[in-house]
Amino acid sequence: MKEKKFFNRSLFLLFVGFLVIIVMGCQSSESTNPESGENDPETDSSEPTDISISMRTLAFTHVENHPNINEDEYVNKLEEMTNVDLDITLVPHNEFEQKMDLMFASGDIPDVVSTSGAYGGGSTLRDAVRAGVFLPLGDLLKEHAPNLMEQVPESVWESVTFEDGKIYAIPEFLGNPSRRATIVRADLLEEAGIPVPKTPEEAWTVEETLDVLRKFKEMGVKEPYIGRAEFKYADTFFGSYDVFPYESQLEVVDGKIQPKFFDVENMTKALTTYKTMYEEGLIHSEFLTHEYNDYKNAGLSGNGGMWTMNANELLQWEAQIKESVPEADIEIIPSPRGPDGSGGHYLYGDVQRSFMINKDAEDKVVEIIKFLDWMLTEEAETYFSYGIEGEDYTLDGDQVNYNQPSTNEEINIERYRTGWLWMVKDTTYYANLLELSEEGKDLMNTYDTILAEEGRDGIRFNTAIEALDSTPQLQASSDKPAPFLLEKMAKIVTGEESVDTWAQVIEDWKQRGGDKYLEEIQERYDSGEFLESRR
Amino acid sequence: MSKVLANESSAKLNVKSKQRTVWSHIKKFKALYVMSLPGIFYFIIFKYVPMLGSIIAFKDYNIFLGFLGSTWVGFEHFITMFNNPDIFQIIKNTFIISFYDILFNFPAPIILALLLNEIRVVYFKRVIQTIVYMPHFLSWVIISGLFITILSPSTGIVNTLIEALGFDSVYFFGSEAFTRPILITSGMWQSIGWGTIIYLAALSGINPELYEAAKVDGANRWQQTVSITLPSLLPTITILFLLQIGQFMDFGFERIYTFLNPLNSGTGHIIDTYVYEIGLLNAQYSLTTAMGLFKSLIGLFLIMIANFLSKKATGNSLY
């Protein structure tokens, strides 16, 4: 049976051949890696520390369009100033949660993982912390992070305290959680002879606001109020009536904790407002299918009269809108007030994003903490606010001569440097930059007089509620209604269903699994495991 | 291929034991067998091994424990699935959309191929063919963008036409009634040209003598088509139809999801989009694997029935 032997051998050889090819394939990709690293951190103590980090792009244009963010000059300068060697992995903004899951599933987790909110990013992060993937940081922070301990407010530390009482995340925090503002084209108001409201006392009621929008419509403004799919950044009037159907919007009624959208009377009023706007053409007839770009274009091209956006972007938008409509003047006004005399948008969590450290990076945890702690020093503040000396600004004694960004590209770079690359800070506003101009000082003033006086909050929970995990149709997010409710809301606004059906919608919501949710929040509320409403 | 060879050799070596036959014939055609090895490995490594992951449908999968370490929960996820009030609407949508797709989009390329076949000016035929198969290379994101623009009530060309004719404009993407027609039409636009290629190839393989003989007998073009072209295409049509049935439940996630918005999703959500929402957006891997398995079972069942029927009726079958 020589032939058989030969055959077996050739089969065997072939198999070995396959193995060799596979092994070589793997090796060659591995062996090229150390070369690109170049530096060996163990040979010299002054060598930079290698830190790999995954960061959500947060839809920053400069970040998303950059061919290689690790080669960006501001990243290089940051590395030089802090003696680290960063290896940034970008996580796409929209698919953040899925990509995080993939990352965990593959087991290939960078030294530092940036998250959304405190322990946000789906249930995976919660499971990861429970499984011990990240290092508890409490004692290390006390020892190595004087700036963090001093500048991060106590309430923020509470928000990043996990269910086991330990802190796993270093927070980028928000001093003033009222972040979204109602914006109006002040030049159009002037043309119409309507005074711009400046203080909370002068705020318009919903009806007055509608009249202003009607006036805009008469004047030929295409989108008096700029709407957007899912009511995202188009939810001002839900705020007026205090019925945001969002995750954080829970209240206690008759001793029972329940979502604010259970308030049938006010929800009906809010929906009626949108219905009126839809019928009278005060909002784009297709706003329910408009995405971010449609919304932004409407604002920047001068087609919009009033809209909602993050207050800290006001000056950048103003600069951009002036390119197409030179006479445009946009201002923050107090949000329309509802029957209780208050209004505003939903309050953000105190934590914008946070940085968690992989347990495998234990040997350099101190360096990582020091690097993040450095972000709160004066040196860091100057660098991130003004950029690179000699290039973005010059010093004239103590006077800073900052080259104000003028083109879109420059504005995007400023946004990226302050909003994205500056990892840990109070993100309310960038005082250093705002102080440079009169508009900036006005804006800071607006934060304190208008925004600090408005906004809606509810009872919140530190870690996400689990009851609706298998019924995503019923699950709301931080600023999006549950798809099931959204569908009903959309149909009511477009007139396909009657506005009087809301009580029935709530019943349906409960029957489809919402009652499990009510049970869980009641249980957690009774056990005292919640964060109080801030306003 | 191996089956054919096995048949031939067993016919030659009719007396010897079965095992012996198999071995001797492998020896005889060893080059062919070695050549088939990469393919077999491919299927084992990339198709069969990943299938083992399906066991997480019966487990409470936790990323950090891995799919072997997670705890068994039996049929719990299947029960959760059927307790979801949306599931029957979704299964219904899946069936209806797939059914419409087969009803309208399966015959479309055949008809187009027959029509193209009647064109005698070769140059014109080529141009048409190229134009109609181009959309195949566009992604669904682009196609949905095109459709949203074309059908927009305020700026779309379709509504401009409707208004010019004196009717009210229609918000196609704002109504559940239009979801399925839009999905089917866009699918037809995208795939019709690509689908014709295989039929045109089959058409060019028909013996021209048959047509000449028919002409001599006095058959006109229609009679030629009915009596010669269609019967010659029938084997191709049956096989493609069976393949299509196999993908009955695989309508495709992207093809639907890019067209949905809160206003029209009621009639548009199918199992694939639902799996995406629960599984990927909510990290419910076990539950979605259960749904995926359920979907695959239906698909397998359908293809077995179709294959059986086709074998009985036409003699053509996949296996």
Side-chain angles (χ1 to χ4, degrees), chain A residues 1 3-4 6-7 10-11 14-15 18 95 97-98 100-107 121-128 130-133 222 229-231 284-286 288-291 468-475 477 481 483-491 493-494 496 508 511-513, chain B residues 23-24 26-28 30-31 33-35 37-38 41 45 61-67 76-77 80-81 83-87 90 145 148 151-156 169 171-176 259-266 269 274 276-288 290:
Chain A
M1 283 276 123
E3 227 176 6
K4 191 175 177 182
F6 168 75
F7 177 70
S10 60
L11 228 183
L14 198 88
F15 184 68
F18 266 118
E95 296 148 42
E97 288 170 15
Q98 301 93 284
M100 287 268 280
D101 285 357
L102 274 181
M103 199 170 81
F104 283 116
S106 71
S123 54
T124 315
L125 263 172
R126 185 182 63 209
D127 293 342
R130 283 180 188 160
V133 174
K222 279 195 188 137
E230 300 172 321
F231 294 97
H284 199 288
S285 60
E286 290 157 63
L288 287 162
T289 43
H290 275 186
E291 295 298 334
L468 300 179
D469 277 356
S470 62
T471 42
Q473 291 290 321
L474 303 183
Q475 220 174 24
S477 73
F484 172 72
L485 295 181
L486 194 62
E487 219 178 293
K488 301 287 178 191
M489 287 158 68
K491 282 182 179 163
V493 170
T494 53
E496 210 173 304
D508 287 350
Q511 270 180 13
R512 285 165 165 261
Chain B
W23 269 113
S24 60
I26 286 181
K27 242 186 285 171
K28 194 166 172 191
K30 56 186 170 282
Y33 278 93
V34 170
M35 275 161 69
L37 278 181
F41 277 127
I45 295 169
Y61 178 63
N62 179 323
I63 293 181
F64 304 99
L65 296 175
F67 76 96
E76 198 186 290
H77 296 295
T80 318
M81 175 174 111
N83 279 337
N84 189 322
D86 294 326
I87 192 75
I90 285 158
I148 288 170
L151 296 176
S152 156
S154 53
T155 53
S169 69
Y171 192 1
F172 290 103
F173 273 84
S175 162
E176 290 185 348
F259 284 89
L260 293 187
N261 65 52
L263 289 175
N264 69 7
S265 55
H269 260 309
Y274 208 64
Y276 170 76
E277 283 195 343
I278 299 189
L280 283 175
L281 298 183
N282 262 25
Q284 299 289 303
Y285 300 111
S286 290
L287 181 59
T288 47

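So that the names make sense, note that chain A is the first sequence line, chain B the second, and so on, each numbered from 1. Values below: every heavy atom of this structure, side chains too, minus hydrogens, waters and symmetry copies.
- Both the backbone and the side chain of A:Glu487 come within less than 4.5 Å of a heavy atom of chain B.
- Scored by the salt bridge (Lys or Arg N to Asp or Glu O under 4.0 Å) test, A:Glu95 finds A:Lys99 as partners (sequence neighbours excluded).
- Both the backbone and the side chain of B:Ser154 come within contact range of chain A, each with at least one heavy atom under 4.5 Å from a heavy atom of that chain.
- Of the two parts of B:Ile278, the backbone and the side chain both hold a non-hydrogen atom closer than 4.5 Å to a non-hydrogen atom of chain A.
- The closest side-chain heavy-atom distance from B:Glu176 to B:Leu263 is not below 4.5 Å.
- To the nearest 0.5 Å, atoms NE2 (B:His269) and CD1 (B:Ile87) are separated by 11.5 Å.
- The part of B:Ser265 that comes within reach of chain A is its side chain, from C-beta onward, which places non-hydrogen atoms under 4.5 angstrom from that chain.
- The side chain to side chain contact (heavy atoms under 4.5 Å, CB included) check on A:Leu474 picks up A:Leu468, A:Thr471, A:Phe484, A:Trp509, A:Arg512, with sequence neighbours excluded.
- Of all the listed residues (B:Tyr171, B:Tyr285, B:Phe173), the one sharing the greatest number of non-hydrogen pairs under 4.5 Å with chain A is B:Tyr171.
- Distance CZ/B:Phe259 to CG/B:Asn264: 10.0 Å, rounded to 0.5 Å.
- Of the two parts of A:Ser470, the backbone and the side chain both hold a non-hydrogen atom closer than 4.5 Å to a non-hydrogen atom of chain B.
- Contact annotation for B:Gln284: only side-chain heavy atoms (C-beta onward) come within less than 4.5 Å of a heavy atom of chain A.
- Of the atoms belonging to B:Tyr276, it is side-chain heavy atoms, and not backbone ones, that fall under 4.5 Å from chain A.
- The NZ atom of B:Lys28 sits 13.5 Å away from atom CD1 of B:Ile26, with the distance rounded to the nearest 0.5 Å.
- Within the model, atoms OG of B:Ser286 and CG of B:Asn62 stand 9.5 Å from one another, a figure rounded to the nearest 0.5 Å.
- Residue A:Ala490 touches chain B through both its backbone and its side chain, counting heavy-atom pairs closer than 4.5 Å.
- Ranked by heavy-atom pairs shorter than 4.5 Å toward chain B, the options A:Met489, A:Gln475, A:Arg130, A:Glu496 are led by A:Gln475.
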